[in-house]
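Quick notes on the structure that follows.
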Amino acid sequence: MPMKTMAASRAAFSGLAALMGLCLIAAPAQAQFGPQGPPAVGVVEVERRPVTESTEFVGRVEAQNRVDLRARITGFLQERPFQEGQEVTEGQVLFRLERPPFEAEVARARAAVASAEAELQNANSALARARDLVRSSAGTQVNVENATAAQRTAQANVLAAQAQLRVAEINLGYTEVTAPFAGKVGRSTFSVGAVVGPTSEKLATVVSQDPMRVAFPVNLRTGTELRDRYAGRGGADATRVRIRLVTGEIYDQVGRIEFIDPQVDRNTDTVLVRALIPNPPRNQPNGSPPIEGAADRALIDGMFVNVFVEGAQPVQAVVIPRSAVLQDQAGNYVWGLDAENRAVRRPVTLGRSIADQVVVEAGLETGERVVVEGVQRVRPGQPVQPGPASAPIRAPGSAPAAAPTGRQG
């Protein structure tokens with residue numbers, strides 16, 4: 001092969017090798033950014049917003065007052081003038097036992113009182129005569145003493161007869177079993193005609209309806225955090241209690257903490273907290289008229305609910321969307337942007353989560369930008385194309401319909 005041809009071939013081969021080297025050098029950049037350059041991401045600017053702090057627990061609704069009605073005398077159940085499950089007022093008659101035997105006992109006791117009073121009057125007269133005879137020397141001191149003893153015995157008999165009359169009147173009053181407070185009465189254990197007495201089962205149960213209590217256990221760690229958080233704001237008075245019903249809706253009434261158990265449950269290492277919350281009647285569905293003696297109320301004694309202990313007043317805090325937070329072995333972090341739109345890893349300390357938002361206690365300052373959309377395409381130090389996020393940040397804590405993530409119990 002001529003020398004010129006071989007030199008041309010070597011030159012062509014060297015040019016091809018150089019071109020391939022340039023392609024290999026440019027390949028990572030093209031693979032990283034693609035044909036359209038740096039990846040587009042959605043960002044939000046960090047700012048402080050009013051946040052209603054909230055911690056979730058699992059609790060149980062309890063009636064403030066609950067009593068089992070029982071017969072205090074033995075007799076036939078004559079009447080049950082109520083409908084099972086209806087609401088009753090304080091003092092309303094719920095059961096009537098037969099009255100004639102007890103009315104007769106009252107009449108007999110009154111007769112005994114009258115007889116004792118007559119004997120007392122006679123004893124008083126005898127004592128007066130004995131004293132007159134002693135003054136005229138026609139009687140003896142022994143007769144006076146005997147008359148005095150008889151008069152005192154007659155006085156005691158009157159007191160005993162009056163006491164028996166009072167017992168008979170009390171037993172007559174026990175023939176009517178009334179509601180000790182306003183509330184709802186449950187099912188009746190006995191039917192009309194049954195014989196009931198002090199040793200019988202309960203006649204029925206009455207539970208109060210408004211307000212209701214919500215009891216929920218709080219573990220010591222969470223309880224300590226809540227105590228420290230609200231210590232400078234008024235303690236339990238700086239909180240309010242809301243609940244989520246089994247239907248998923250947030251109850252429209254707000255409660256308050258009324259009791260914190262001073263003892264720790266050794267089995268669960270928790271402290272019992274109890275809140276008081278209104279339970280007024282609600283409108284009947286479809287505008288139907290209410291049933292006589294009944295009321296539709298949201299809270300029922302014994303039901304489970306989700307309890308939210310919230311701050312009564314919102315606090316200013318740094319809040320970002322939950323989608324911006326990533327996690328690895330080093331902890332939680334977000335992708336921030338510097339002045340040249342390069343991704344910078346920012347470790348953060350998180351507080352309470354509120355729906356799809358999260359409170360950042362440390363690691364971010366107002367005015368900084370964080371990536372909330374497209375975080376999976378971001379790499380450390382990589383330039384990005386920032387743009388506004390598709391949905392603005394909602395004011396967290398403005399509506400308690402969403403549950404916090406830190407469930408306790």
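Atom set for the values below is all heavy atoms of this structure, side chains included, hydrogens, waters and symmetry mates excluded.
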Tell me the ring-ring contact (aromatic ring centres under 6.0 Å, His included) pairs involving residues 167-195, sequence neighbours left out?
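Residue pairs with at least one partner in residues 167-195: there are none.
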Taking [X] for its side chain and [Y] for its backbone only, find out whether a donor-acceptor pair lies under 3.5 Å.
| X | Y | answer |
| --- | --- | --- |
| D338 | R342 | yes |
| S115 | A111 | no |
| N332 | Q327 | no |
| T222 | V218 | no |
| R60 | G302 | yes |
| D301 | A63 | yes |
| R379 | Q376 | yes |
| N306 | V58 | no |
| S323 | V372 | yes |
| E145 | V142 | no |

Could you give me the CA-CA distance, side-chain angles and deciding distance for R221 and D269, then say whether salt bridge (charged side-chain N to carboxylate O under 4.0 Å, His left out) is met?
CA-CA 10 Å; R221 179 177 179 180; D269 200 33; over 6 Å; no
Thinking salt bridges, do [X] and [Y] make one under a 4.0 Å N-O criterion?
| X | Y | answer |
| --- | --- | --- |
| R227 | E225 | no |
| D210 | K184 | no |
| E84 | R187 | no |
| E201 | R70 | no |

Determine the minimum heavy-atom distance between A150 and A123, stating which atoms define it.
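For A150 and A123, the tightest heavy-atom pair comes out as O-CB, 3.9 Å.
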Any non-hydrogen side-chain atom of L337 less than 4.5 Å from a side-chain atom of V371?
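The answer is yes, as the side chains (C-beta and beyond) meet within the 4.5 Å cut-off.
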With a cut-off of under 6.0 Å to the ring centre and 45° to the axis, is R242 in cation-pi contact with F308?
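No, R242 does not sit over the ring of F308.
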Validate the cation-pi geometry between R80 and F95: distance from NZ or CZ to the six-membered ring centre under 6.0 Å, angle to the ring axis within 45°.
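Not satisfied by the 6.0 Å and 45° rule.
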Check the pair D265 / T270 against side chain to side chain donor-acceptor pair (under 3.5 Å), numbers first and verdict last.
CA-CA 5 Å; D265 189 328; T270 60; 4.8 Å; no
Give the C-alpha distance, both sets of side-chain angles, the deciding distance and a yes or no for salt bridge (charged side-chain N to carboxylate O under 4.0 Å, His left out) between E62 and R213.
CA-CA 5 Å; E62 298 176 350; R213 287 173 174 158; 5.7 Å; no
We want to know whether T175 and R99 form a side-chain donor-acceptor pair, criterion being a heavy-atom distance below 3.5 angstrom.
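Their side chains do contain a donor-acceptor pair, which is all the 3.5 Å distance test asks for.
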If you count every heavy atom of other residues, nucleotides or ligands that lies below 6.0 Å from R369 atom CZ, does the total exceed 12?
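Yes, because the 6.0 Å sphere around CZ of R369 holds more than 12 heavy atoms from other groups.
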